[in-house]
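Okay, structure first, notes after.
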Amino acid sequence: MPSTARLSWFFLLFGFSVLAACVDDTSDDSQGEDPQAPKPTQHMNDAGLDADPEVAPPAPTIVTQRSCEVVLRHQVSTDANTVEVAGEWNDWTPAPMDGPDAAGWVSIELGSLAPGEYGYKLLTDGVWEEALPLDAYTKWVDNTENRNLRVGHCEKPLLQTLTATASAEGDVVISIQVALANNGAALDPQSVVVKRQGTLVQEGVSINVEAGTIDLQWADLPTGKHSVTIEAADAQGTTAENTPLWIPLWVEDTPFQWTDGLMYFVFTDRFRNGDVDADTPFTSPIEEVATIANYQGGDFLGIQQALDEDYFTNLGVKTLWLSPVYDNPEGRYLDRDNTHHFSGFHGYWPIDALAVENRFGDAAGSAADRLTALIQSAHDKGIRVLFDLVLNHVHEDHHYVTEHPEWFGDGCVCGLDGCDWDERVLDCWFVPYLPDLNYRSHAITQRVVADTLTLLRTYDVDGIRIDAAKHMDHVIMRTLSKRIREDIEVGDAASFYIVGETFTGGDGHEQLMAYVNEWELDGQFDFPLYWSIRNAFNGGSFRDLENQVQVGIDSYGNATMAPFFGNHDVARWSTELAGNAQGPFESTEDLMATGDAVTQWDLINPISQSMLFTFTQPGVPLLYYGDEIGLAGAGDPDNRRMMNFAPYLSANQQTLLERAQELGQVRATTKALQHGSRTQLWVDDDLLVYSLDAGGQDIAIVAMNKGSVTRQETITIPHDALEGLTLQGIVNTSRSATVTNGQMVLELHSWEYTVLSP
Ligand SMILES: [Ca+2]
Ligand SMILES: [Ca+2]
Ligand SMILES: [Ca+2]
C-alpha cells in the first residue's frame, strides 16, 4: 500500500531537512552523554493532519542540489507560544525554533552536521514532548526514545524518484531527479547504469545532464515483474549515496491486491528435495540429531519444480512465504528443556544477514543462484514472494556477534533465573545460543535495517513476514516499514506487504493491533480466529466462530490480516482432529495417508470446511504446506514433516488436495471473495451462511453445514442486486438457488458446502 498521501505528508512534516538527511547506515552510534528526562507534555499537534489545507507546503520536497546546511521543520499546534529543540547535536541544550507561524510551522537552522542519526525532542512552552507520533523516525538514546534526525552525505549525489508507474498494457514511466552533491558537480551520463531484472537496458533511457534527470520509458513490457535498478555518479566520480536505487515494478492486467489469493507457507527443508539423485553433500544429516529435527534435504530447486508444475497456481496461490533463507549453523543444539538436539533445518538460527542457507542449494546450483531463479519464476507466474525475517535474535555464530560482541552482553534467558518472559519480553534470549538483538541500541537498528534492505533488494522480494514481533521494540519494525514506504514503494508500480507474527490466545486482538498501523505492520496472522476455527470444526459451534469474526471486524479496521487454521508452531490440524497429538518426538500415524476410509472422512470433512471458511475470509488467507493433503504431526518439530506429492498420495489425500484446489481457485478468481464486504446471513451451531459483496452483482454466498443431518432453510438475502437471479454453485456446482422476494431456499446435506454466485 504505497501512497502518495503518505509520502507528501512526510515531506510536509519534515520539510527539506530530510532531504539533507539521508541515513548513513555505517555510522557508529554516537550517543549523547546525558539525554534529557522528558516530562509530560501536551499542546502538540504532531500529526499535522488537521493542518489548514490552504496552507502551502513549507519547502520544496525535491531538490536539484544538496545543501550541507540542515534545517529542521515541524508543524505544531497553533496554540503553542514557544517551541525549542534539543538533540544530540547540541548536547541536549534546548534552542529556540523560529515560529510558530500562523499555520504552526516552526524551524531552526542547525548548520552543517556530520552524516549520521541524531536523537532529539521538542519542548513546547517549556514542556518536553513525551509520546512521539507513530510516523516519526525514532532513535533510542540511553533508554529514552527520541525523534531521529537522519543526516545524509551532502557531498554525494542522491537519487530521488519522482514517478514510477506501470500500466496494464506494459507502459512504464520512471523519472528520477538527481540531487547533485553540495559542490554542484554535474551528473555524469556515462555513469548511469539502468538494469531491468538484472539485465542492462539502454533503450528508453534519457539523461538530461543540465536538469539532472534520468527518465525511463518503456512500452509493451510483458505481464510480470520488471524491477529496475539505477546506478549513477557525478562528473567527479562520486557515486550517489543511495546507489543502486531499486524500484520494484509489476505489469499486471488488473491492479494487484494482496487479498487476491492465498498465501502458501513453504517450509523449504521439508517441502521437496529437488536433487534427490545427487545431493549427498546437502542431505548428510547432522550427527546425534533425530530425523524429525534434522535436515531432510528440501531445497530451493524442489520449490522451483513445484512452481514449474503449477502446483501453487493450481491452489490459487498468489503469495509464497518462504521459511527463513538465512544461512544457519551446521551444528546441533539442545532445545530449551535440554532434552533434544536440533539442527537449523527451520532457518530461524541465522548466522549471516545476507548469505543464504548452503543446504538449500544442490550439487549443480548454489543456494543463492537457485533462490534468485526461484523468485524470478514465481514472478513470471504472477506470484509474490515473502521473506521470513528473523530480526529478534541471531545465532551465536552470526557475524554480528563476532564483529560487535558489545552488542550482546551476557544475556538473560527467558523464563530462567528471574528473567521473566513478560518483564523481559523485549530483551530476553530464547536459549543461550540465540543472542537477542536489542533495538534500543541504535547501532543495532541501523545495521539490521541496512542489511535487511540489501537482502530484499538483492532478491527482489515483494513483502516480509516478521517473526516474533512482540519480542522486539517497535523502533525496528517502524524504521524498516518507513524505509520501505519512503524509499521503495514510491509511485504505484508495486506494493509491499508487511505481516507480523505475534502468537496470542483467543483474545489477543489488542496485542496484535499494537503493531498494526500505517507506519508499522500492514497486518498480523490472526491467532484469535485460528483458535476459534479449530474449535468450531472440532465439535464447537459456529455461533462462537462468528462471534470471534465480529470481534475481529471491530478490532482490525483497515488492517490486512492473515487468517489461518494451521502453521508451523501448532499441531497439525489432521492430527488434532484425530485426537492423535502425541508429543513432538512421539511419531504419530498419518491417518490421511494410511487410516481407514471412515477415519479419513472424519478428517477430510472438517479440514475441507476449515479451508472453505479460511479462504473466504477478508485478508490474505494462509495455507500451511501439507494441510492441503492433511499431513500429520504433533507440535514442533513433528508438524514439519516432509511433504508428499502425487503420485504418492493416498486416494483421500488426493481428494482433499482437489478440494483445496477448487477452493483456492475460486478465491483467486472471484472478486467478491477477494475484496467483498462480509455479511452474516445465517448462523446456528452447525449451519453457517455469509455473503461477500464487492458491488453490483459481484456477490458470493458461502454456505456450510457441519451437522449430521441435511438442512433446508429459507435464508434472507439483503442484496437487491441478486433479486430474481438464480445463483449457481461456483464451488460444488450441483447446488443452485433462486432469490425471490429477498429470500432463498438453501439445502445442504451433512458436511456439504457451497459457494453461490450469479
Ligand atoms: Ca536437497
Ligand atoms: Ca548452513
Ligand atoms: Ca528481543
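Counting starts at 1 for both ligands and their atoms, in listed order. For reference, positions follow the sequence shown, starting with 1. The model shown is predicted, which means the values in this text are computed figures rather than measured ones.
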Heavy atoms, side chains only, cut-off 4.5 Å: are Asp467 and Leu391 in contact? no
Tell me whether the rings of Phe345 and Phe267 are parallel (<30°), tilted (30 to 60°) or perpendicular (>60°). tilted
Among Phe430, Tyr326, Tyr433, which residue satisfies the ring pair (Phe, Tyr, Trp, His ring centres under 6.0 Å) criterion with Trp349? Tyr433
May I have the angle between His471 O and Asp436 OD2 with its vertex at the Ca ion (ligand 3), rounded to 10°? 150°
Distance check below 3.0 Å: does Asp299 bring an N, O or S atom to the Ca ion (ligand 1)? yes
Can you name the N/O/S atom of Asp275 that is nearest the Ca ion (ligand 1)? OD1
Just wondering, is there an N, O or S atom on Leu426 that's nearer than 3.0 Å to the Ca ion (ligand 3)? yes
Looking at Trp140, does the NZ or CZ of Arg440 lie under 6.0 angstrom from its six-membered ring centre and within 45 degrees of the ring axis? yes
With salt bridge (charged side-chain N to carboxylate O under 4.0 Å, His left out) as the test, pick out the partner of Glu88 among Lys139, Lys121, Arg147. Lys139
Between Asn392 and the Ca ion (ligand 3), is there a contact where an N/O/S atom of the residue lies under 3.0 Å from the metal? yes
According to ring-ring contact (aromatic ring centres under 6.0 Å, His included), who are the partners of Tyr624, at least two apart in sequence or on a separate chain? Phe265
Holding to side-chain contact (heavy atoms from CB on, under 4.5 Å), I want the full list of residues that pass it with Asp310, two or more places apart in sequence or in another chain. Thr313, Asn314, Lys381
Enumerate the protein N/O/S atoms at a distance below 3.0 Å from the Ca ion (ligand 2), ignoring waters. Asp327 OD1, Asn328 O, Glu357 OE1, Glu357 OE2, Asn358 OD1
Who passes side-chain contact (heavy atoms from CB on, under 4.5 Å) against Met643, sequence neighbours left out? Tyr264, Phe271, Tyr311, Tyr625, Glu628, Ile629, Phe645
If you measure SG to SG, does Cys428 sit under 2.5 Å from Cys412? no
Using 3.0 Å as a strict upper limit, say whether an N, O or S atom of Gly274 approaches the Ca ion (ligand 1) that closely. no
